[in-house]
Amino acid sequence: MIGARPAAAWAHRVALVAGGLAVYGLARAQPGLASAAACGLAMAFAWSVRYGCARRRDGTALLIGLWTAMGLVPHVAFCLAVAAGAPLAAWHVQTLDAVTTGLVLAWAVRAVPRGGGKVALRAALTGLPAGALSASLALGLLFSLRHGGALSPYSCVQTAASAALGHGAAVDLLRQNVGDAQLGNAALIAGLWLRNLELHHLHGLCGATLAMAGWSLGRSAGGNDRAGWAGLVALACNPLVLAAPLADENAFAAALFATVLAVALSVHTQAAFAWVGAAFGLVFAVRHPLAVCGPAVAWLAWRQASGRGLVAFALGAGLSSAFEHAHHVLAFGSLWSFETHTQVPPQRYELLGVALSARGLMNWPLHDALVRTPHNAWPMWVQWPLHALAHLGLLAAAALAVGALRWLSKVPRELLWWTGLLLPVAAGLGVQEGWDYPNKMGVGLVFVPVLAPLAGRAAAERWTRRTFAAAGVALVGLVLASRFLTTWLPEVPMDPRHGVARRAPMVEWPAWLQAERLRLRPALLPDVAALWRHGPPFARALHDDPPVPLAWMWHADELAGAGGPTDWRVDLSDPPLSRGSPAPVSLAPLGAVAGLDLSPQGTHFAPAVAAPWQPGGLAAWGTADGRLAVLRLEAAALHHAIGATDAQFDDRCRGFDAVCAGASLRACAARHRAGPLPAQFVLRTPVPRLSLVFAVSDSANVWVMWRFARQGAALTAAGPFVYWHN
C-alpha cells in the first residue's frame with residue numbers, strides 16, 4: 001500500500017528518476033556538461049558519505065562537487081595540455097571527468113556498508129539544505145542575467161583561453177605572457193567553453209557559489225539556520241557584489257576563496273585538506289594577491305587535522321599551483337615575478353633604512369610620501385574602505401560590526417584568525433597605487449567572504465538593549481570616520497610616477513574627482529543606485545539579443561533603421577559628470593549651423609572645446625556609421641601634450657571600436673580637422689543615435705558615457721554609465 005511508505009521516500013524516488021532522465025538527455029545534447037554534472041554529483045555524494053556532510057546541512061559537499069567539476073578538472077586538463085604543447089580539447093576534460101568520477105565513487109563505496117547504498121544515497125539527498133539550495137540556484141540565475149547581454153570587450157584572460165584551445169595566433173602560454181593573464185582564469189574560461197557554456201553562465205556559477213558559501217560560513221559562525229540565511233544574504237546579495245560589472249578574475253577569486261574557507265572551517269580530515277589545498281592553489285592561479293592568505297589557511301589545517309592535514313594542504317596547494325610557478329620562472333625569469341610586473345619599471349624604495357627594489361607603484365610607508373592613483377579621489381588605504389562602506393551603507397556596516405563584537409567577546413580566537421587571514425592581503429593591496437582601471441576596484445571582492453560570518457554572528461545574537469547600544473556606538477564611529485575621510489582629510493597629491501610608467505601624460509578631470517568624492521561618501525542605507533553605474537543590471541532579460549550586442553549600451557533592436565540626419569545641441573557649460581547633473585545633449589532644430597558635422601566618413605577632430613569647468617578646455621573626436629554616432633571628449637591638455645600625430649589619430653579611430661563594434665573601419669578611412677568650438681555648439685550626425693563619451697583617463701580607459709536617441713520629435717537619454725572592461 002502506497003500510503004504505508006513515507007512520502008519523503010517516494011519524493012526521493014521521483015527525484016532520482018527525474019534526475020536520471022535529465023542526465024540522459026543532457027548527455028545526448030551536451031556531453032561536456034553532462035560529464036561535468038556526473039563528476040560534480042559523484043564528488044558531492046562521496047563527500048557526504050565519507051564525512052557526514054549531509055548531517056551538517058551546510059552545503060559544503062555541493063560546493064566541493066561544483067568546483068571540482070567546473071574548476072579543478074579543467075585546470076588540470078589545461079595545465080597538462082599546455083605543458084605538452086597541444087591545444088586543449090573537449091576529450092581531455094571529459095576523460096578527466098570520467099577518471100575523477102570513477103575514483104571518487106570507488107572511494108565512496110569503500111565507506112558504505114554492504115547493502116547500505118540506498119540508505120547512503122537517501123541520507124545525502126535528505127541532508128541537502130533545500131531552502132538555501134533553492135535560493136542559491138535563483139541567485140545564480142539572477143547573476144547570469146546580470147552579466148548576460150553586456151558587451152564583452154577585449155580581455156587578456158579570454159585571449160589566453162582562446163590560445164589554449166588553439167584558436168588564433170600560436171602562443172606558448174607556458175613561456176609567454178598574454179597581456180597580464182593569470183592562467184587560472186584562462187583555464188576556467190577554456191573549460192567553460194569546452195562545456196558549451198558562456199561567460200554569463202560562469203557569472204551565474206559564481207553567484208550560486210557565493211550564496212551557498214555564505215550559508216555555510218554563516219551557519220559555522222552563528223550555529224543555526226538563521227545565521228546561515230544572514231550569511232547567504234550578506235555575501236551574495238550586497239551591492240558591493242551585485243554592482244560588479246563583470247564575471248572576471250575578481251568574481252572568480254571571491255567565489256572560489258569563499259568555497260575554500262567554507263570547506264576548511266567544516267572539515268577535520270587529511271583528505272579534506274588535500275582538496276582545500278588544491279582549491280587554494282587554483283585561487284592563487286586566479287588572483288595572486290591571495291597567496292598571502294596561505295599561512296592562515298595552513299594554520300587552520302594544522303589545528304583541525306594535525307600535522308597530516310597540514311602536509312596534505314601543502315601538497316595539494318603546491319601541486320595545484322605548480323604550473324603557475326613554472327610559468328613565472330619561464331616567462332619572467334623569477335618565481336617572484338608576476339604577470340602585472342611587466343607593466344611597471346622597477347622602483348626603488350626604503351623601509352626602516354633598508355633599500356628595496358620592486359616592480360610596483362608602492363605608497364607610503366614604502367614610498368617617501370602619501371600619494372594617490374590619478375583619477376581616484378583618495379589613496380587606496382582610504383579608497384577601498386570607502387568603496388565598501390558606500391555600497392553596503394552605514395547601517396549594514398554597523399550591524400556587521402556587532403557580529404565582530406560578538407566574536408571578540410565570545411570566541412576571540414576566531415576573530416583573530418579572520419583578521420590574520422585578511423590583514424596581510426589588505427596591507428599588500430592597500431600599499432599599491434596601480435589600481436586606475438575601473439575593474440581593479442573589484443579586487444576588493446576578495447574580502448567579501450568575511451561578511452558572511454559577521455552577518456551570521458550578528459543574526460545569532462539576541463538583540464537586547466546592550467546589543468542595540470553596541471550597534472549605535474559602531475554606527476556613530478563609522479559616521480565620524482567616514483566624515484573625516486571624505487571631508488576633513490587633506491587633499492592627497494596625484495602620484496607623478498604613473499605618467500612615467502605608462503609613458504603618457506596623466507591629466508585629471510577636477511569634475512570627475514568631485515563626483516567620485518560625492519559618490520564614495522557613505523549613506524545610511526546601501527547604495528542600490530550602484531547597480532546602474534555600469535549600465536542596466538538585467539540587460540539580457542530586457543532584450544532578445546545575441547550575447548554580444550553591436551555597441552556598448554545599445555542593442556540590435558535599438559540600432560535598427562537609419563532614421564535620417566539629426567542635429568544635437570551639446571552644452572558643456574557645466575560639468576556633466578556630477579550626480580544629478582542634467583543631460584549635456586538636447587535636440588536642436590534641423591538645419592541649424594553645425595559646429596561639428598560627423599556626416600562625412602572618417603575621424604573628426606576638434607582640438608579646442610571651451611569647457612569652463614575643465615582647466616585648458618576639452619578636445620573632441622567623433623565618427624559615425626549607418627547605425628550610431630560617437631563623440632569622445634577628453635582633456636585638451638592631453639592632446640596638447642601628445643600632439644596631433646598620425647599615431648594619435650590611429651589610436652583614436654581604433655578606440656571607437658570599444659564603444660561601437662566595427663566603427664574603426666569607417667573612422668580610420670579619413671581625417672577631418674575642425675576649428676575651435678564654444679561650450680555650446682550644434683553637432684550634426686547622419687543617424688538619430690549618439691553615444692557621448694567623456695574619456696576621464698586615456699591610458700586606463702576610465703570613460704563615462706551618455707546615450708541619446710531621437711524618436712520623432714522626442715529625445716530619450718540614458719546615463720551616465722561608467723565604461724567597464726577587463
Side-chain angles (χ1 to χ4, degrees), residues 16 19-50 53 60-84 86-110 121 124 140 161 164-166 183-199 201-202 204-206 208-209 212 252 255-256 259-260 263 271-272 274-279 281-283 285-286 316 319-320 322-323:
L16 285 174
L21 292 175
V23 170
Y24 174 75
L26 191 63
R28 293 290 301 272
Q30 301 287 350
L33 198 55
S35 67
C39 177
L41 290 173
M43 178 63 85
F45 171 70
W47 219 262
S48 296
V49 170
R50 277 278 177 175
C53 295
T60 52
L62 289 175
L63 291 171
I64 290 168
L66 184 66
W67 279 100
T68 298
M70 300 303 295
L72 290 175
V73 167
H75 177 62
V76 173
F78 174 92
C79 295
L80 293 175
V82 172
L88 181 64
W91 70 267
H92 296 148
V93 180
Q94 291 172 25
T95 300
L96 275 180
D97 282 337
V99 170
T100 304
T101 301
L103 289 176
V104 299
L105 286 179
W107 182 56
V109 167
R110 291 180 59 187
L121 183 59
L165 298 178
L183 297 184
N185 305 288
L188 289 179
I189 295 173
L192 185 84
W193 287 342
L194 290 177
R195 300 196 191 284
N196 204 30
L197 298 174
E198 301 293 338
L199 278 178
H201 295 120
L202 189 53
L205 174 67
C206 290
T209 297
M212 186 56 68
F252 305 160
L256 187 50
T259 297
V260 167
V263 175
W275 188 94
V276 170
L282 179 56
V283 167
V286 169
L319 291 174
S320 182
F323 185 84

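Start at 1 with the first residue, then count along the sequence. Reckoned from all heavy atoms, side chains included, excluding hydrogens, waters and symmetry mates.
- To the nearest 0.5 Å, the span separating CG on Leu197 from CG on Leu202 amounts to 9.0 Å.
- Considering CG of Leu282 and OG1 of Thr259, their distance stands at 10.5 Å, rounded to 0.5 Å.
- Interatomic distance, Leu192 CG to Glu198 CD, rounded to the nearest 0.5 Å: 7.5 Å.
- In summary, of the residues considered (Leu205, Leu72, Val263), a side-chain contact (heavy atoms from CB on, under 4.5 Å) with Trp67 occurs for Leu205 alone.
- Residue Val82 comes nearest to Ala164 through the heavy atom pair CG2-CB, 4.5 Å, listed as atom of the first residue, atom of the second, then distance.
- Side-chain contact between Leu63 and Thr209: present, with at least one pair of heavy atoms (C-beta onward) separated by less than 4.5 Å.
- Gly184 and Val286 get closest at one heavy-atom pair: C-CG2, 3.9 Å.
- In this structure, His75 and Leu188 have side chains that are not in contact, with every pair of non-hydrogen atoms separated by 4.5 Å or more.
- The heavy-atom pair separating Val260 from Ala279 by the smallest distance is CG2-CB, 3.6 Å.
- The two residues Ala81 and His92 have their closest heavy-atom pair at CB-ND1, 4.3 Å.
- Contact between Arg195 and Ala69 at its shortest, heavy atoms only, is NH2-O, 2.9 Å.
- Distance check, rounded to the nearest 0.5 Å: CZ of Phe45 to CG of Leu62 gives 13.0 Å.
- With values rounded to the nearest 0.5 angstrom, Thr68 atom OG1 is found 11.5 Å from Leu41 atom CG.
- Nearest heavy atom pair, residue Phe78 against residue Leu183, reads CE2-O, 3.9 Å.
- Here CG of Leu33 is found 12.0 Å from CG of Leu194. Values are rounded to the nearest 0.5 Å.
- Judged by distance alone, the side chain of Ser320 and the main-chain N or O of Gly316 form no donor-acceptor pair under 3.5 Å.
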